[in-house]
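So the structure is just underneath, and the comments pick up after that.
Just so we're on the same page: letters track the sequence lines, and every chain starts at 1. Side chains included, hydrogens not; waters and symmetry mates left out as well; all remaining heavy atoms used.
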Number of protein chains: 2
Amino acid sequence: MTATEQDPGTRLPGAQCDVCSLHGVCLTQDLSADALERLDSMLDQPSPLKRGESLITQGNAFTSLYLVRSGSLKQVVRPLGQELEHVVGFYLPGETVGLEGIGESHCPASVVAMETTFVCELPYARLSELYCNNPSLSESLLHRMSRELRGEKRQLCLMSGRTAEQRLAGFLLGLSERFQQRGCSRYRFRLAMSRGDIGSHLGLALETVSRVLGRFQRQGVIQIATRELTILSLEGLRAILEEH
Amino acid sequence: MTATEQDPGTRLPGAQCDVCSLHGVCLTQDLSADALERLDSMLDQPSPLKRGESLITQGNAFTSLYLVRSGSLKQVVRPLGQELEHVVGFYLPGETVGLEGIGESHCPASVVAMETTFVCELPYARLSELYCNNPSLSESLLHRMSRELRGEKRQLCLMSGRTAEQRLAGFLLGLSERFQQRGCSRYRFRLAMSRGDIGSHLGLALETVSRVLGRFQRQGVIQIATRELTILSLEGLRAILEEH
DNA sequence: ATCAAACCTTGACCCAGGTCAGCCTAGCCC
DNA sequence: GGGCTAGGCTGACCTGGGTCAAGGTTTGAT
């Protein structure tokens with residue numbers, strides 16, 4: 001079951017962006033008061049996704065963007081003619097999901113909840129009416145997409161000619177920064193994704209992820225208990241990332 | 001020297017998009033007549049770049065987008081605290097360069113000509129005035145960025161858990177498709193990039209690129225003389241890409 | 001035509017990390 | 001609480017592709 005298929009009676013009328021704690025990191029952050037009000041009124045709030053449920057299914061019709069309110073998701077692609085899926089990204093609260101579907105009739109990737117997750121749904125048809133008269137909205141969207149593009153290029157750099165240690169150090173530093181931007185600790189957070197997800201995202205076997213995390217712990221740069229991570233030395237991770 | 005630093009006298013007043021052979025694949029393709037006319041009038045045509053010259057230099061102020069008229073370019077990133085550069089993308093005629101700088105004060109990557117290259121320059125400040133009144137322009141830009149995003153995710157899949165053979169097969173198939181969209185042969189084209197550039201882009205050593213291309217040739221799926229490529233069997237390449 | 005610099009190819013060697021296998025642990029459902 | 005399942009850890013082994021080295025080819029400048 002996907003989020004768009006449940007009782008519309010459970011939806012709230014608007015998202016109350018003005019009182020949302022994520023307003024400062026969300027798509028809505030730089031909108032004019034007018035644009036914000038109009039956008040708010042077109043946001044639906046589907047019922048929460050449970051771990052493993054799909055928000056977006058690859059191949060389905062593209063209809064909406066989604067803003068993450070709480071929880072986290074992974075984006076997975078199954079390249080045509082392959083049965084193996086690849087994790088191409090993770091989404092945290094405040095991030096915009098579905099941008100790669102704009103201008104396409106069908107969604108090019110699936111997006112799956114990694115834990116109980118609340119999102120706002122933004123039907124793209126209504127959105128595109130709105131941005132005709134709201135340059136601040138077009139601009140916000142462009143900025144979001146541009147940022148995601150930069151993130152992907154960064155990821156490409158991380159995966160090209162880097163050792164497993166460097167990839168994982170870069171990955172943890174990236175997560176740490178994103179948590180900090182969201183007002184969480186940059187030193188201590190929970191990894192919602194499995195070792196297999198991390199491996200798929202970094203181009204490593206899950207065993208390698210496990211081994212390298214163990215090594216980092218023995219070196220004293222992190223402390224990790226299953227999925228509960230503490231970064232003991234940001235500098236240490238940076239040094240590993242920039243090694244050689 | 002960059003393209004923005006030469007005699008303004010050499011610039012033509014507009015780009016004559018309506019008679020440009022690339023109109024069908026360029027940013028301008030879906031614009032309303034009105035938007036096209038206004039966009040055309042704000043396009044500059046800097047003098048051509050020679051092989052190795054930079055169109056965009058990482059760290060410089062972000063000012064413009066560029067539309068490739070002829071030739072080709074590579075995008076390179078030097079991650080902070082590293083001296084090695086990574087090739088994160090290639091640009092062909094009709095493609096839009098610089099999208100990842102939108103919303104940033106400084107360019108996050110360099111873009112370098114791989115051969116003699118002509119571009120149109122589109123100052124972003126002028127562009128952003130224009131799209132207030134031209135939803136078709138906002139939409140075109142969003143579609144371009146979304147497409148680039150899909151391309152990057154595809155690239156991530158290609159680099160995650162794929163052999164050197166699969167990466168190169170995927171790379172050649174991707175190029176073939178892009179050349180075809182531009183009205184060139186999908187079977188026969190010139191690789192403007194060096195083996196080193198390809199390797200950096202795919203996360204392989206240049207020696208590996210050379211060896212795998214040789215192997216492809218011996219297997220009879222391609223024919224390659226230095227940079228002149230002929231694809232003898234698209235199906236063969238697809239089979240390699242989807243192997244196992 | 002000559003030369004230099006950049007680029008490409010090929011071979012030999014070796015190691016980072018993939019694969020397989022076995023076991024342990026945490027979290028969930030009845 | 002007990003048992004089931006998904007997820008995580010670790011060891012042994014092996015190979016794809018990185019690195020180093022040497023020689024050939026292409027390109028462009030004089």
For [X], report the nucleic acid contact type (base, sugar-phosphate, nothing); a contact means any heavy atom under 4.0 Å.
X        : result
B:Arg227 : sugar-phosphate
B:Gly203 : sugar-phosphate
A:Leu204 : sugar-phosphate

Listing request: all ring pair (Phe, Tyr, Trp, His ring centres under 6.0 Å) pairs with a residue in residues 206-240 of chain A, at least two apart in sequence or in separate chains.
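Sorted result for residues 206-240 of chain A: empty, none.
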Tell me: [atom1] of [X] to [atom2] of [N], nearest whole Å?
X        : N      : atom1 : atom2 : result
A:Leu206 : D:dT10 : CG    : P     : 13 Å
A:Ile224 : D:dG8  : CD1   : C1'   : 11 Å
A:Ile198 : D:dG7  : CD1   : P     : 13 Å
B:Leu202 : D:dG16 : CG    : C1'   : 16 Å
A:Leu191 : D:dG7  : CG    : C1'   : 14 Å

Could you tell me which residues satisfy side-chain contact (heavy atoms from CB on, under 4.5 Å) with [X], sequence neighbours excluded, listed by chain and number?
X        : result
A:Ser21  : none
B:Arg188 : B:Ser185, B:Thr230
A:Arg238 : A:Leu173, A:Arg186, A:Leu234, A:Glu235
B:Glu104 : A:Arg150

Any chance you could lay out the salt bridge (charged side-chain N to carboxylate O under 4.0 Å, His left out) test for B:Glu207 and B:Arg195, step after step, and finish with the verdict?
CA-CA 8 Å; B:Glu207 292 93 333; B:Arg195 304 291 190 264; over 6 Å; no
Evaluate the salt bridge (charged side-chain N to carboxylate O under 4.0 Å, His left out) criterion for residues A:Glu95 and A:Arg182: first the C-alpha distance (whole Å), next the side-chain angles of each, then the deciding distance (0.1 Å), finally the verdict.
CA-CA 10 Å; A:Glu95 294 181 327; A:Arg182 276 152 193 81; 3.3 Å; yes
Protein proximity profile, nucleotides 19-30 of chain D - base contact B, sugar-phosphate-only contact S, no contact -, cut-off 4.0 Å on heavy atoms:
BB-----S----
Listed by chain and number, what are the ring pair (Phe, Tyr, Trp, His ring centres under 6.0 Å) partners of B:His201, not counting sequence neighbours?
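If we apply the ring pair (Phe, Tyr, Trp, His ring centres under 6.0 Å) test to B:His201, skipping adjacent residues, the hits are B:Phe90, B:Phe171.
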Go through the structure and list residues passing ring pair (Phe, Tyr, Trp, His ring centres under 6.0 Å) with A:Phe189, not counting sequence neighbours.
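Per chain and number, A:Phe189 pairs via ring pair (Phe, Tyr, Trp, His ring centres under 6.0 Å) with A:Phe179.
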Using five pairs at each end of the helix from C:dA1-D:dT30 to C:dC30-D:dG1 to define an axis, what is the angle between those two axes, to 10°?
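Axis-to-axis angle, ends of the helix: 60°.
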Residues 72-82 of chain B, side-chain donor-acceptor partners within the protein, below 3.5 Å, at least two apart:
unit_1	atom_1	unit_2	atom_2	d
B:Ser72	OG	B:Glu115	OE2	2.5
B:Lys74	NZ	B:Asp197	OD1	3.1
B:Lys74	NZ	B:Asp197	OD2	3.4
B:Gln75	OE1	A:Lys153	NZ	2.7
B:Gln75	OE1	B:Tyr91	OH	3.3
B:Gln75	NE2	B:Glu100	OE1	3.3
B:Gln75	NE2	B:Glu100	OE2	2.9
B:Arg78	NH1	B:Glu83	O	2.9

Only counting residues at least two apart or in another chain, list the ones meeting salt bridge (Lys or Arg N to Asp or Glu O under 4.0 Å) with A:Arg211.
none
Walking along DNA chain C from 5' to 3', note the first and the last nucleotide with an atom under 4.0 Å from a heavy atom of chain A, and give both.
C:dG17 to C:dC20
